[in-house]
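Single-structure report; data block below.
All values below were derived from every heavy atom in this structure, side-chain atoms included, with hydrogens, water molecules and symmetry-related copies excluded.
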Amino acid sequence: FVVCCLFVFGVGLVVRVGVSFGPYSGFQRPPMHGDFEAQRHWMEITTALPISSWYQNVTNNDLEYWGLDYPPLTAYHSWMCGKVAQWINPAWVALGESHGFESEELKMYMRNTALLADVLIFFSAVFAWVYLMRHDSCIGKQDGQPLKDQKKTEKRKGGKSGNKAVAAAPAAGGDGDGVGDLSMDTLGVASGLILHPCFILIDHGHFQYNSISLGFALWATIFIATKKHLLASVFFVLSIAYKQMSLYFAPVFFAYLLSVTLFAHKKAIVARISSLLIVGVTVLLTFAICFLPFLSNFDLFFQVIHRMFPFARGLFEDYVANFWCIFDVVFKIRASFDVAFLTRISLIATLLSMSVSCIQLFRKPTQPNFVYTLITCSLSFFFFSFQVHEKTILLCALAVQLVNGKKHSFIQTLFMTTATFSIFPLLQKDGQSMQYFVVLLFATCTQLGFHAKYWKRWQILLFLLHGLIIGTIHVLFEFKEPPTSLPYLWVLFNASYSFCIFGITYIYFHIHLFFFSSPPHESTEKRKQH
């Protein structure tokens, strides 16, 4: 198990280093540059200004020039990285004088900080997740039954029927028998997370630190799977306190923790309410500690919140594969309604689209249902919430990789390729086209190597058609100029097709959540019967 993980992690590290040699967001594009400059600028202001000025529009902190708009944990991380940068070369973070600073040494330093964050937080979480997959986590379950129990059941069924082929064959969507298959399962799950093109290309190509918030969210999911609910609450708050996009998962954690706490078996009502209060206090205390330096002044605190949720920017920016972007092509809703109305309508649409799955999770709080709802809820936010960026598909991509790798391998691979395809216009703008094609091809071939043998003929043909569509749009991007009257036509094709696949994924996991999920404790009863 350890050797398998180290092998995948080593390959993942090599791929990340390879991508990091390429250009980054805003490279040699003054005056604003891009996200690389934003991260560098945050190191500049956090090391040079008092904490009370980090989110304020003051003389030495023009919020129009990459003003800090992420939660406090991002600011603290920027401060730590900035202090090290200041020690290595003060010119990198000199207040006011370092705007747009570019050098190979700075690029190497920034790239290494992203790699370190990835290894410490995200890689460690993946290791813990695949370890649980081999035992009792929801990855290692087939409709609520642990992987090791599936194999025992298959053996008994094979023995009773006298058919050795039945005993040796994999379960429906499950795995084969034996240690070798377990090692392959481990490799498949680990590679799906570590080699996911979206995670690699955004953080180590475009340049951000999404691995930190994604890693915290994965740690929180691990603690949900191991029923350590207080730790799950702490790590999920840390995920939100680093990057607010993790709020996409918030209704899922709320529904699950509320259900398992209020309806805990063999507990008196007072004990249940006490447990719920403890979880609530843990969440509030964790938030309070994260925001502590900003709680001394209400105006300062609300300024942080205001910066985190910039409603004035509009319903969406650029073409993103969500409902509002596609809908606006025909109905021009951004031009027809004011921001206040669009904010309300997006809130209502988001609540309606996510509430069905969250209610189902509340009714049946099993671990597989928890992961299914992470997918449907994050997609609901991606489709309908206000001010969606193409990079927020990372949360949906993480959730999809957490389901059973054999049972849902087709939709996993379909979603992985589509999610990566959806961020292509951003990467092309950054000069990352070559890295995009190489990493996507490598990751796709890896996943097909693990999973394609379990696919039916129609799935293989459908995936080939999917590849043909994506390939055709790429040919248009590279070799055909769009009409002058529709300069963003190819980007719209990209967003529209991606939206269709995301919608299919949304419906697919709703179907599994409602019609193919085991009720709570069913797996325990089955094990007792066996």
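Between Q435 and L201 the shortest side-chain heavy-atom distance falls below 4.5 Å. Contact check for F463 versus L448: side-chain heavy atoms found under the 4.5 Å cut-off. Within the 4.5 Å cutoff, no side-chain heavy atoms of M110 are placed close to those of S20. When side chains are defined from C-beta on, M416 counts as touching Q401, because their heavy atoms get closer than 4.5 Å. Contact annotation: the side chain of I194 approaches that of F123 to within less than 4.5 Å [non-hydrogen atoms, C-beta and beyond]. Looking only at side-chain heavy atoms (C-beta outward), L361 and S259 stay at 4.5 Å or farther from each other. Side-chain contact between W490 and Q428 is absent, with no heavy atoms from C-beta onward closer than 4.5 Å. You'll find the side chain of F415 reaches within 4.5 Å of the side chain of I393, heavy atoms only.
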Anything under 3.5 Å between a donor and an acceptor, one on a side chain of residues 467-482, the other on a protein residue two or more places apart or in another chain? List them.
| residue | atom | partner | partner atom | Å |
| --- | --- | --- | --- | --- |
| T472 | OG1 | L468 | O | 2.8 |
| H474 | NE2 | Y436 | OH | 2.8 |

Solution key, residues 3-15 side-chain donor-acceptor pairs under 3.5 Å, sequence neighbours excluded:
none

What side-chain donor-acceptor pairs closer than 3.5 Å can you find for residues 347-358, not counting sequence neighbours?
| residue | atom | partner | partner atom | Å |
| --- | --- | --- | --- | --- |
| T350 | OG1 | S346 | O | 2.7 |
| T350 | OG1 | F384 | O | 3.3 |
| T350 | OG1 | S385 | N | 3.3 |
| S353 | OG | A349 | O | 3.1 |
| S353 | OG | T350 | O | 3.0 |
| S353 | OG | S380 | OG | 3.4 |
| S355 | OG | L351 | O | 3.1 |
| S355 | OG | L352 | O | 3.1 |
| S357 | OG | M354 | O | 3.1 |
| S357 | OG | T376 | OG1 | 3.0 |

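Aromatic rings from F253 and F370 are positioned such that their centres are separated by under 6.0 Å. When ring centroids are compared, W219 and F216 stay outside the 6.0 Å threshold. Aromatic ring centroids of Y454 and H451 lie 6.0 Å or more apart. Under the 6.0 Å cut-off for aromatic ring centres, Y506 and F383 qualify, their centroids lying closer than that. Note: H408 and Y372 meet the aromatic proximity criterion, with ring centroids under 6.0 Å apart. If you look at F499 and F502, their ring centroids are not closer than 6.0 Å. Taking the six-membered ring for Trp, H466 and Y497 have ring centres closer than 6.0 Å. A ring-centre distance under 6.0 Å is not found for Y508 and F516.
In the displayed structure, F254 atom CZ is contacted under 6.0 Å by at most 12 heavy atoms of other residues, nucleotides or ligands. Around atom CZ of F437, more than 12 heavy atoms belonging to other residues, nucleotides or ligands sit under 6.0 Å away. Around atom NZ of K107, more than 12 heavy atoms belonging to other residues, nucleotides or ligands sit under 6.0 Å away.
A pairwise comparison of heavy atoms in N494 and S422 identifies OD1-CA, 3.4 Å as the closest pair. Taking all atoms of both residues into account, the shortest heavy-atom contact from Q447 to G188 is NE2-O, 4.0 Å. The heavy-atom pair separating Q412 from L402 by the smallest distance is NE2-N, 4.3 Å. Between A114 and F207, the closest heavy-atom pair is CB-CE1, 4.0 Å. Among all heavy-atom pairs drawn from S246 and F236, the shortest one is O-CZ, 3.3 Å. When all heavy atoms of F382 and H389 are compared, the pair lying nearest together is CE1-O, 3.8 Å.
Side-chain atoms of E390 do not come within 3.5 Å of backbone N or O of Y319 as any donor-acceptor pair. With hydrogens and angles ignored, the 3.5 Å screen pairs no side-chain donor or acceptor of R16 with any backbone N or O of I200. Looking only at distances, no side-chain donor or acceptor of T261 sits under 3.5 Å from a matching main-chain atom of L258. Between the side chain of S25 and the main chain of D35, a donor-acceptor pair closer than 3.5 Å is present. Panel note: side chain S213, backbone S239; no donor-acceptor pair is recorded below 3.5 Å.
The structure places CD1 of I423 at 12.0 Å from OG1 of T418, a figure rounded to the nearest 0.5 Å.
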Query raised in the report: Given Y248 and C377, is the side chain to side chain contact (heavy atoms under 4.5 Å, CB included) satisfied, shown in steps?
Result: CA-CA 7 Å; Y248 283 21; C377 190; over 6 Å; no
Query - Verdict with reasoning, F424 to F421, per ring-ring contact (aromatic ring centres under 6.0 Å, His included) - result: CA-CA 5 Å; F424 173 72; F421 173 65; 7.3 Å; no
Report task. Test R111 against F21 for side chain to side chain contact (heavy atoms under 4.5 Å, CB included), laying out the working first. Result -> CA-CA 9 Å; R111 293 297 199 190; F21 282 114; over 6 Å; no
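Exactly one residue among D118, D203, T113 makes a side chain to side chain donor-acceptor pair (under 3.5 Å) with Y209. That residue is T113.
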